[in-house]
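For ligands, and for the atoms within them, numbers begin at 1 and follow the listed sequence.
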Amino acid sequence: MGSSTKGRTVLEVGADGVALITIVNPPVNSLSIDVLQSLKESYELALRRDDVKAIVITGANGKFSGGFDITAFGGFQGERVSAAPKPGFISVEILTDTLEAARKPSVAAIDGLALGGGLEVAMACHARISTSNAQLGLPELQLGIIPGFGGTQRLPRLVGLSKALEMMLMSKPVKGEEAHSLGLVDAIVSPDELVSTARRWALGILERKKPWIASLYKTDKIEPLGEAREILNFARAQARKHAPNLKHPLVCIDVIEGGIVSGPRAGLWKEAEAFQGLLHSDTCKSLVHIFFAQRGTSKVPGITDLGLVPRRINKVESEPICKAADVDIVIEAVIENVSLKQQIFADLEKYCPPHCILASNTSTIDLNLIGEKTRSHDRIVGAHFFSPAHVMPLLEIVRTQEDISPRCSSLTLKLLFCLSNMVQMSIRLIGQSPNLECQWARLDCVIWLVLVLQSQLASNLLRIFPERTCKSMLIPIMQEDKRAGETTRKGFYVYDDKRKASPDPELKKLIQKARDISGITVDPKLMELSDKEIVEMIFFPVVNEACRVLSESIAVKAADLDIAAVMGMGFPPYRGGIMFWADSLGSKYICSRLEEWSNVYGGFFKPCAYLTERAAKGALLSYPVEQAKSRL
Ligand SMILES: C/C=C/C(=O)SCCNC(=O)CCNC(=O)[C@H](O)C(C)(C)COP(=O)(O)OP(=O)(O)OC[C@H]1O[C@@H](n2cnc3c(N)ncnc32)[C@H](O)[C@@H]1OP(=O)(O)O
């Protein structure tokens, strides 16, 4: 990652004596170092020019700014550490001492986005005018950093401590209207009137008709120290509860407190130091990787680079359909039964217009098989909504391929196999460990997941890949006992009236029954597993499977598997996804652990050829094949 954009600002002085400074850095007017340097120069020029009385800052093409340039983070973290601006250069030198302390008033004219550093620039101006649809927020925490351009100091002083904490800790932006009611912006106008209103407002400040406010020094919205500390301590407790593995939310709270206790200028310095430190953290590197990996999923070589024009979809039906002549896409979502799906697709082909896309929500069945009784392979796709569909943000789109061999190796199946490996290993640990049956809660806590396994999926996988599947009777026995989790008020846990889960002592009997049926024996060595070993035993087989997916070119790139793991399996984003995490540990280490377990526990753990090869060469697992060769 490196910053390739040459961003800039443009200065135009109007006959009214207002200098309009426009941030220009498509697509979101991010604040690259070029832009920030240029902003400083434009501002200083406007301050020097006698024909300039006041200043308006805005963004080109209806977007104020999407924040600090995230593409530059890699450069600051990696080999170009010296390229990072020294702490305080942007927040103190540019935004506070040049903008906010200027003897000419400035107004931010905000349309579209004012996020992160974008809002921090706007808050350093003496007033803000916005459109109602603009989004204003400090979402830096979702990248593993804190607001570093003064946001931790100015936002609480503009909107109050509680709301500022909510906006920062939850990375939650507000829209223009709410920002206005909070006092973050001073007026709401239509996009057409935005710049003209901001110009008049800036002149109004100069003429003392509007207040000239340096938000860094506002005090009216900050609670007295004792009360403020209570709010901050509550926020700390919440952060520890909801994100126990993350440090940066606590750092953010400390920095805010620092400003309240020691004054905002001291707070700015504390913020600048903390920001610089967090930029180098593994959490930041992982979350930035996830940010770009997520956007990368929409770039599919051989498809999105062909310049195709998207087809307009006016009508979508889910199967069964009633009114079909004008339907553009039908999504079938019946149970995983091949002959039923084949019949449905044969019917759909008959009744739907020839342009209609025929989609299946299948999770395990090869699309070619589903479409076998049709001549519509060119318009059949897999549209697999991860379950529960209204919650999970992952939609997997699967293509048909006439030449897939073996048929079962569809992307869907492979990705689900990764998920299944994780679940199977967890079940195996419960089954074979002398004491883990009493410690389901520990397992859940260590891997931070609630696991669900559909018997259909399990039996399909067992049939297709018997040598790579752990056979356990525990899930069928639990299903027989109506243990579907919260819905039946018992699963691995029992749930009380308030849905509070507690470990179920009855589970022990079921585990013993599963052992007796499967002939599984207890392994005393599993009693001594550390948390780290549990995580590795569960997730290294997942890494192994992900390597197979990559080596068979079923996934286009490793980053797509990272997103599938985060969005579909609940893998923690702050670890960067399954392959990013694996590379942070090293292919050699993972391979050696799998080999060790494979010798003791059998083929389920056997590292695949791709993993073994990369480990032998000490290569990253996520590198494309060609790149990996050239690095060796
Ligand atoms: C101390 C200060 C620190 C900071 O300011 S850190 C940055 C804080 N800002 C953010 O966290 C905002 C991150 N961006 C977003 O949330 C979204 O993006 C937007 C809401 C701004 C826009 O969303 P949408 O319209 O759906 O577009 P899209 O596909 O997400 O982004 C379009 C292109 O813009 C790039 N981009 C977005 N924000 C930034 C940024 N802050 N720095 C550099 N690039 C950015 C993306 O990667 C992508 O690029 P491609 O088209 O090549 O995939």
Side-chain angles (χ1 to χ4, degrees), residues 1-7 23-36 39 59-77 84-85 87-96 110-124 133-155 167-168 170-175 248 251-252 255 268 270-279 281 283-285 287-300 304-305 393 557 559-560 563 573:
M1 248 191 305
S3 181
S4 52
T5 23
K6 255 284 183 219
I23 302 167
V24 186
N25 194 9
V28 298
N29 297 327
S30 64
L31 301 173
S32 59
I33 295 299
D34 304 321
V35 168
L36 288 161
L39 176 66
N61 296 322
K63 290 171 188 162
F64 187 80
S65 169
F68 198 24
D69 179 9
I70 306 170
T71 62
F73 284 24
F76 301 155
Q77 290 158 346
F89 173 66
I90 298 163
S91 65
V92 181
E93 208 168 304
I94 302 184
L95 297 187
T96 305
I110 302 168
D111 196 8
L113 310 160
L115 297 176
L119 180 59
E120 294 178 280
V121 168
M123 289 192 294
N133 272 332
Q135 282 188 58
L136 301 93
L138 296 180
E140 284 96 334
L141 267 77
Q142 73 186 358
L143 296 170
I145 51 173
I146 59 168
F149 297 170
T152 61
Q153 304 305 307
R154 289 191 178 88
L155 190 63
M167 286 174 69
M168 286 187 257
M170 297 172 77
S171 294
K172 197 172 151 193
V174 291
K175 284 217 158 178
H248 65 289
V251 173
C252 182
V255 167
L268 281 184
K270 194 171 161 94
E271 177 198 87
E273 297 285 348
F275 172 74
Q276 208 81 1
L278 289 168
L279 208 51
S281 66
T283 300
C284 174
K285 288 174 193 164
L287 290 172
V288 167
H289 167 74
I290 289 295
F291 177 84
F292 287 111
Q294 196 173 345
R295 278 141 190 92
T297 55
S298 60
K299 298 176 180 71
V300 184
T304 52
D305 49 7
K557 49 192 183 304
D560 290 346
I563 293 302

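Atoms CG and CD1, on Leu31 and Ile70 in that order, are 10.5 Å from each other to the nearest 0.5 Å. Interatomic distance, Met168 CE to Ile146 CD1, rounded to the nearest 0.5 Å: 9.0 Å. Between atom NZ of residue Lys299 and atom CZ of residue Phe292 there is a gap of 9.5 Å, rounded to the nearest 0.5 Å. The structure places CD of Gln153 at 10.5 Å from CD of Glu120, a figure rounded to the nearest 0.5 Å. In this structure, the separation between OG1 on Thr152 and CG on Leu138 is 9.0 Å, given to the nearest 0.5 Å. Rounding to the nearest 0.5 angstrom, the gap separating the CG atom in Leu95 from the CZ atom in Arg154 is 6.5 Å.
For atom 26 (O) of ligand 1, no protein non-hydrogen atom is found at a distance below 4.0 Å. In this structure, atom 38 (N) of ligand 1 is in close contact with the protein, since a protein heavy atom lies within 4.0 Å of it.
At least one side-chain heavy atom of Leu141 sits less than 4.5 Å from a side-chain heavy atom of Pro147. Taking the side chain as every heavy atom from C-beta outward, Ile145 and Cys284 approach each other to under 4.5 Å. Residues Asn25 and Ser32 form a side-chain contact, since some pair of their non-hydrogen atoms from C-beta on lies under 4.5 Å apart.
The atoms of ligand 1 that sit less than 4.0 Å from any heavy atom of Phe275 are 1 (C). Distances below 4.0 Å separate heavy atoms of Gly67 from the following atoms of ligand 1: 5 (O), 41 (N). In summary, the atoms of ligand 1 found under 4.0 Å from a heavy atom of Gly116, numbered by their order in the structure, are 5 (O), 8 (C). Close contacts of ligand 1 with Lys299, meaning ligand atoms under 4.0 Å from a residue heavy atom, involve 50 (P), 52 (O), 53 (O). Heavy-atom proximity to Leu113, at under 4.0 Å, picks out these atoms of ligand 1: 20 (C), 21 (C). Remark: ligand 1 atoms within the under-4.0 Å shell around heavy atoms of Phe292 are 47 (O). Residue Gln142 approaches ligand 1 through these ligand atoms, each under 4.0 Å from one of its heavy atoms: 11 (O).
Between Phe149 and Phe68, the two ring planes are perpendicular [angle over 60°; tilted spans 30° to 60°].
Pro27 CG, 4.7 Å is the protein heavy atom nearest to atom 49 (O) of ligand 1. When hydrogens are left out, the protein atom nearest atom 45 (C) of ligand 1 is Val28 CG2, 3.8 Å; that is the closest non-hydrogen contact. The single protein non-hydrogen atom nearest to atom 2 (C) of ligand 1 is Glu140 OE2, 3.4 Å, given as residue, atom name and distance. Counting protein heavy atoms only, atom 13 (C) of ligand 1 is closest to Phe291 CE1, 3.5 Å. Atom 12 (C) of ligand 1 has Gly66 O, 3.4 Å as its closest protein atom, hydrogens excluded (heavy atom only). The nearest protein atom to atom 1 (C) of ligand 1, hydrogens excluded, is given as Gly148 N, 3.3 Å; this is a heavy-atom distance. With respect to atom 41 (N) of ligand 1, the closest heavy atom belonging to the protein is Phe68 O, 3.0 Å. Of all protein heavy atoms, the one lying nearest to atom 43 (C) of ligand 1 is Asp69 OD1, 3.3 Å.
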- When you look at Ile94 and Phe89, which way does the side-chain contact (heavy atoms from CB on, under 4.5 Å) test go after all the steps? CA-CA 6 Å; Ile94 302 184; Phe89 173 66; 3.8 Å; yes

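Evaluated by nearest non-hydrogen atom to atom 42 (N) of ligand 1, the leading choice among Leu279, Leu287, Ile70 is Ile70. Which of Arg295, Glu271, Glu120, Gln135 comes nearest to atom 15 (C) of ligand 1 through a heavy atom is settled by distance: it is Arg295.
Residue pairs that meet the salt bridge (charged side-chain N to carboxylate O under 4.0 Å, His left out) test with at least one member in residues 133-144, sequence neighbours left out, do not exist here.
Counting heavy atoms under 4.0 Å from ligand 1, residue Leu143 touches it through the side chain alone.
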